[in-house]
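Quick notes on the structure that follows.
Counting from 1, the numbers follow the sequence of the chain as shown.
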Amino acid sequence: MQRYKLVIGGTIAGIAGVLAFPTRGSHLTIPTAGSGNAATGGSSGSSGASASSTGTSAGSSGGSAASSGGSAAAAGGSAAASGGSAGSSGGSAATRSATSADQAFRFGDMAVKVTVSGSKITGVSMATLNETDGRSVAIDSYAVPQLEQQVISAGSVNINGVSGATFTSQAFVDAVANALTKLGIKA
């Protein structure tokens, strides 16, 4: 008879403890292209993503972009502006792609296409995906878009993966790492 008092008291104490727990999370800032500082010209330059992602827009064909009055992002790695200069985030900002070798996993095999601008991952897409059963198709249909987004957000293969899709997650990471190696980028 007295146990219910202990159970209710414990439940109330547990709820109070959960509610009293601080809910403010730490703020994680992931640097993105364009987060560099401009010296004196005003705004910052990116590695070519805003002014020229393929080196052909803004009058640039793989060299540099120029602007009269603010900042410019370069497709070739340098920027000039009359009134200031903008930083670039290192290396060539040319857009390149590579497709990984086939990565076998327990429920099939896959290959991914990785697109980079300079050394920044700008796109990841499934090149091929062969699965052995319907359940794998269902799992991968929700896991693959999440994995693609995680890699782009992290800018690397250091991701958490998707719960319930462990084999797919590992094969995806291996495939992205293989494609990055083909592009000459350390995974």
Side-chain angles (χ1 to χ4, degrees), residues 11 14-15 17-18 21-36 46-57 61-62 73-77 88-187:
T11 303
I15 291 172
V18 168
F21 192 79
T23 58
R24 295 183 203 206
S26 63
H27 295 285
L28 175 65
T29 303
I30 298 174
T32 60
S35 63
S46 69
S47 63
S50 60
S52 174
S53 63
T54 61
T56 58
S57 62
S61 61
S88 75
S89 61
S92 172
T95 301
R96 308 174 288 142
S97 297
T99 302
S100 71
D102 239 12
Q103 298 294 319
F105 63 106
R106 185 173 179 178
F107 301 107
D109 62 89
M110 71 171 64
V112 298
K113 179 180 178 184
V114 177
T115 304
V116 297
S117 179
S119 61
K120 181 183 185 312
I121 299 172
T122 58
V124 179
S125 61
M126 192 60 61
T128 61
L129 179 60
N130 301 311
E131 297 157 314
T132 57
D133 60 64
R135 183 161 188 244
S136 296
V137 172
I139 291 171
D140 292 347
S141 68
Y142 82 87
V144 169
Q146 291 180 46
L147 293 166
E148 291 170 348
Q149 188 57 46
Q150 285 182 23
V151 168
I152 292 170
S153 294
S156 71
V157 294
N158 297 323
I159 61 171
N160 292 330
V162 176
S163 180
T166 304
F167 296 109
T168 300
S169 296
Q170 186 59 54
F172 191 86
V173 165
D174 292 344
V176 171
N178 180 267
L180 289 173
T181 300
K182 285 184 175 183
L183 290 167
I185 299 171
K186 185 177 179 183

Using residues 179-187 as the side-chain source, report each donor-acceptor pair under 3.5 Å to any protein atom, sequence neighbours left out, with the distance given to one decimal.
{"from": "Thr181", "atom 1": "OG1", "to": "Ala177", "atom 2": "O", "distance (Å)": "2.9"}
{"from": "Lys182", "atom 1": "NZ", "to": "Thr99", "atom 2": "O", "distance (Å)": "2.9"}

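Residues Met126 and Glu148 approach most closely at N-OE2, 3.4 Å, considering heavy atoms. Taking each heavy atom of Ser136 and Thr132 in turn, the nearest pair found is OG-OG1, 4.4 Å. Closest approach of Ala138 and Ser141 over heavy atoms only: O-OG, 2.7 Å.
Taking CD1 of Ile152 as the start and NZ of Lys120 as the end, the distance is 8.0 Å to the nearest 0.5 Å. Rounding to the nearest 0.5 angstrom, the gap separating the CD1 atom in Ile159 from the CG atom in Leu147 is 5.0 Å. Taking CD of Gln170 as the start and CD of Gln103 as the end, the distance is 9.5 Å to the nearest 0.5 Å. Rounding to the nearest 0.5 Å gives a distance of 9.0 Å between CD of Glu131 and CD1 of Ile139. Note: Gln146 CD to Ser169 OG = 8.5 Å, rounded to the nearest 0.5 Å. Annotation: the span from Thr166 atom OG1 to Phe105 atom CZ amounts to 11.5 Å, rounded to 0.5 Å.
Asn178 places a side-chain N or O within 3.5 Å of a backbone atom of Ala101 that can act as its donor or acceptor partner. For the pair Ser153 (side chain) and Gln150 (backbone), a donor-acceptor distance under 3.5 Å is absent. With Thr115 contributing its side chain and Thr122 its backbone, the two residues share no donor-acceptor pair below 3.5 Å.
By the ring pair (Phe, Tyr, Trp, His ring centres under 6.0 Å) test, Tyr142 pairs with no residue at all, sequence neighbours left out.
A 4.5 Å side-chain heavy-atom check between Phe172 and Val162 finds every atom pair outside the cut-off.
The side-chain hydrogen bond (donor to acceptor under 3.5 Å, both in side chains) pairs that include a residue from residues 155-165 number zero, where partners must be two or more places apart or lie in different chains.
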